[in-house]
Amino acid sequence: MKKKIFGVLLTLVLAVTCAFGLSACGGNPALTKADYLKVFNSVITTVNNYGTDSQLARTAVSDTDFVTIENVTQAKNMLKGNVAMLYFLKNLCNTENFEVKNDFQDCVVIDNVSSSTTQTFKIRLNMSYDTQTESIKSTVYVRDVTDAETSIYFLEFEFFYDFDTETLNGFNILGIMGDESSLTKSNVNYFKFYNNTLKQLNTTTTVFDNFATDILQETNTYLSYTFGENLPDYSTQYIQAMVEAFGA
């Protein structure tokens, strides 16, 4: 089977997903791991139940620039493909020696379970909370370093969660995924999930064209990043996440 994180998502979402932000967005680790767990678990539960009941300037988009994905099965598959990474973040927050920091953190995972060959991924991630705007974000950048043809995978989540009522009001997912050497605007996707409805930024508009151009420029900055050596290994947490998300 093709690389889990890329093969499954490509099959489910055709080039859906991923994303990023280029900084901690002025956030700080004001939230505990328990707080992040509430948000991640709330999103995961919402996606599972669905259908059964940056600091760089980006082109501005509005709600009218999005179109509703009417096919519930298709929408749920898109959501599950994107939200799979939250299972990994959830497992990290359940790891005693993992700390939420006020910056990006690097790690490595070696997946010898969810694909026919052993795959190695280097991951850059950040969980941030802006106390002024109450913006909760999680950004994940994954680079497949198994072979010479490097694939990348970005996800930038923005959560709207009320800690007083423990209510998830919605979330956004910005993503880009594909081979590092051939990324195009078609690899960019932007989703909004509110009121049990999934909407996607309309890819046929000038707004999308400009927005995707901005995201590709941000991606180029990420591609210039070099991972260090002796990264912490969270393979167990990653493999467990893929099993949880996809039943591998």
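The chain is numbered in sequence order, starting from 1. Keep in mind the model is a prediction, meaning the values are calculated, not measured.
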Next item on the list: Determine, step by step, whether I44 and V47 satisfy the side chain to side chain contact (heavy atoms under 4.5 Å, CB included) criterion, reporting the C-alpha distance in whole Å, the side-chain angles of both residues, the deciding distance to 0.1 Å, and the verdict.
Entry: CA-CA 5 Å; I44 289 169; V47 170; 6.0 Å; no
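- There is no side-chain donor-acceptor pair under 3.5 Å between T139 and N126.
- At a cut-off of 3.5 Å, with distance as the only test, a side-chain donor of Q200 or N189 sits close to an acceptor on the other residue.
- The backbone N or O of M78 lies less than 3.5 Å from a partner atom in the side chain of N82, making a donor-acceptor pair.
- Using modelled atom types and a 3.5 Å distance limit, the side chains of S235 and D233 yield a donor-acceptor pair.
- Each of V140 and I110 belongs to its own hydrophobic cluster when Ile, Leu, Val, Met, Phe, Trp and Tyr are linked at side-chain heavy-atom distances under 4.5 angstrom.
- Under 4.0 Å is where a charged nitrogen must lie from a carboxylate oxygen, and between K33 and E99 no such pair does.
- In this structure, L92 and L125 have side chains that are in contact, with non-hydrogen atoms separated by less than 4.5 Å.
- Q237 is listed as a side-chain neighbour of F88, based on a closest heavy-atom distance under 4.5 Å.
- Under the 4.5 Å side-chain criterion, counting only non-hydrogen atoms from C-beta, I215 is in contact with E218.
- Note on F160 and L155: separate hydrophobic clusters, where clusters join Ile, Leu, Val, Met, Phe, Trp and Tyr whose side-chain heavy atoms are under 4.5 Å apart, directly or indirectly.
- Residue L183 is grouped with residue V188 when hydrophobic side chains (ILVMFWY) are merged at heavy-atom distances under 4.5 angstrom, including chains of intermediate members.
- Using cut-offs of 30° and 60° on the angle between ring planes, the pair F163 and Y161 is perpendicular.
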Identify every side-chain donor-acceptor pair in residues 168-180 under 3.5 Å, counting partners at least two apart or on other chains, and give the distances.
unit_1 : atom_1 : unit_2 : atom_2 : d
N172   : OD1    : Y194   : OH     : 2.8
N172   : ND2    : E158   : OE1    : 3.4
D179   : OD1    : S151   : OG     : 3.2

Notebook entry, point to check: Given T146 and D144, is the side-chain hydrogen bond (donor to acceptor under 3.5 Å, both in side chains) satisfied, shown in steps?
Noted result: CA-CA 6 Å; T146 305; D144 180 354; 2.7 Å; yes
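- A side-chain N or O of S62 and one of D65 form a donor-acceptor pair less than 3.5 Å apart.
- Atom CG of N220 has more than 12 neighbouring heavy atoms from other residues, nucleotides or ligands inside a 6.0 Å radius.
- With K185 as the partner, the side chain to side chain donor-acceptor pair (under 3.5 Å) test is satisfied by one option alone out of T203, N210, D209: D209.
- Cation-pi check for R124 over Y141 is not met; the charged atom does not lie both under 6.0 angstrom from the ring centroid and within 45 degrees of its normal.
- Here the closest non-hydrogen pair linking F121 and D111 is CE1-CB, 4.3 Å.
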Margin query: Let's go through D162 and T167 carefully: what are the C-alpha distance in whole Å and the side-chain angles of both, what is the deciding distance for side-chain hydrogen bond (donor to acceptor under 3.5 Å, both in side chains) to 0.1 Å, and is it a yes or a no?
Written below: CA-CA 5 Å; D162 188 329; T167 302; 6.0 Å; no
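- Ring to ring, Y225 and F227 are close: their centroids are under 6.0 angstrom apart.
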